[in-house]
Enquirer: 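Sharing a structure, written as structure tokens. Questions coming.
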Amino acid sequence: MTDYLLFMHDDATGPTKDWEGYLHRLRQAGAFEGGSAIGGGVVARKIGRPAPLAAHLAGFIRITARDLDHAQTFLDGNPVYEAGGTVEIRELPKTA
């Protein structure tokens, strides 16, 4: 199994409902590994000007899935996705 992050953007066009039901479904599937809302922060770079803070990220969920196609099946029911918003899926590669 591979770990993935689902980044929820703050661009939903409707209300985001039923987080409890969605998270329950992820837990029942054995995929849920954690998550959180994302607050403000700072961007740092030792040399030069840093890129702007990615203010459009509202939260993340960490899941396990067989592959990217399997991870995409967990979009169904995601409150941000269902409300017309963007969910970005990123693999967490294993490193030695």
Side-chain angles (χ1 to χ4, degrees):
M1 297 293 268
T2 303
D3 290 337
Y4 293 89
L5 289 178
L6 280 62
F7 287 107
M8 276 68 68
H9 292 212
D10 65 355
D11 62 350
T13 57
T16 57
K17 300 177 183 177
D18 198 24
W19 280 103
E20 189 174 315
Y22 176 66
L23 296 176
H24 178 75
R25 177 177 163 249
L26 293 179
R27 287 184 184 100
Q28 290 294 324
F32 183 75
E33 296 293 325
S36 177
I38 297 176
V42 62
V43 178
R45 183 175 178 168
K46 189 168 186 169
I47 299 172
R49 174 172 264 179
L53 182 72
H56 63 278
L57 297 177
F60 75 95
I61 297 173
R62 185 174 180 158
I63 61 168
T64 58
R66 291 185 304 273
D67 54 31
L68 185 57
D69 288 336
H70 185 221
Q72 288 180 69
T73 67
F74 296 113
L75 289 172
D76 290 335
N78 177 287
V80 171
Y81 182 76
E82 297 297 342
T86 304
V87 178
E88 186 175 333
I89 303 174
R90 296 289 191 98
E91 180 179 344
L92 295 174
K94 300 210 184 320
T95 57

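Since the model is a prediction, treat every value here as computed from it, not as a measurement.
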Enquirer: Contact between Ile61 and Phe74 at the side-chain level, heavy atoms closer than 4.5 Å - yes or no?
Expert: no

Enquirer: Restricting to non-hydrogen atoms, name the atom on His9 and the atom on Val80 that form the minimum distance, rounded to 0.1 Å.
Expert: O-CG1, 3.7 Å

Enquirer: If only side-chain N and O atoms count, and only distance matters, is there a donor-acceptor pair under 3.5 Å linking Asp11 with Thr86?
Expert: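 The answer is yes; a qualifying pair exists.
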
Enquirer: Would a single hydrophobic cluster contain both Ile89 and Leu57, if residues Ile, Leu, Val, Met, Phe, Trp and Tyr are joined by side-chain heavy-atom contacts under 4.5 Å?
Expert: no

Enquirer: Any link between Trp19 and Leu75 through a network of hydrophobic side chains (Ile, Leu, Val, Met, Phe, Trp, Tyr) touching at under 4.5 Å?
Expert: yes

Enquirer: Testing the basics here: between Thr16 and Ala83, what is the closest heavy-atom pair and its distance to 0.1 Å?
Expert: CG2-CB, 4.2 Å

Enquirer: Check this for me: Tyr81, atom OH, are more than 12 non-hydrogen atoms of other residues, nucleotides or ligands nearer than 6.0 Å?
Expert: no

Enquirer: Which atoms form the tightest heavy-atom contact between Arg45 and Pro50, and what is the distance?
Expert: CB-CB, 3.8 Å

Enquirer: Does Ile63 reach the side chain of Leu6, with side-chain heavy atoms less than 4.5 Å apart?
Expert: yes

Enquirer: Taking atom CG of Leu92 and atom OG1 of Thr2, what is their separation to the nearest 0.5 Å?
Expert: 9.5 Å

Enquirer: Check the pair Asn78 / Met8 against side-chain contact (heavy atoms from CB on, under 4.5 Å), numbers first and verdict last.
Expert: CA-CA 9 Å; Asn78 177 287; Met8 276 68 68; 3.6 Å; yes

Enquirer: Do Asp3 and Arg62 have side chains that approach each other closer than 4.5 Å (heavy atoms only, starting at C-beta)?
Expert: yes

Enquirer: Would you say the side-chain atoms of Glu91 pair up with the backbone N or O of Tyr4, donor to acceptor, closer than 3.5 Å?
Expert: no

Enquirer: Which atoms form the tightest heavy-atom contact between Met1 and Lys94, and what is the distance?
Expert: O-NZ, 3.5 Å

Enquirer: Only distances under 3.5 Å count here; give the side-chain donor-acceptor pairs of residues 25-43 to other protein atoms, sequence neighbours excluded, each with its distance to 0.1 Å.
Expert:
{"unit_1": "Arg25", "atom_1": "NH1", "unit_2": "Asp76", "atom_2": "O", "d": "2.6"}
{"unit_1": "Arg25", "atom_1": "NH2", "unit_2": "Thr73", "atom_2": "O", "d": "3.3"}

Enquirer: How long is the gap from CG on Leu68 to CZ on Arg90, to the nearest 0.5 Å?
Expert: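 One finds 11.0 Å between CG of Leu68 and CZ of Arg90.
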
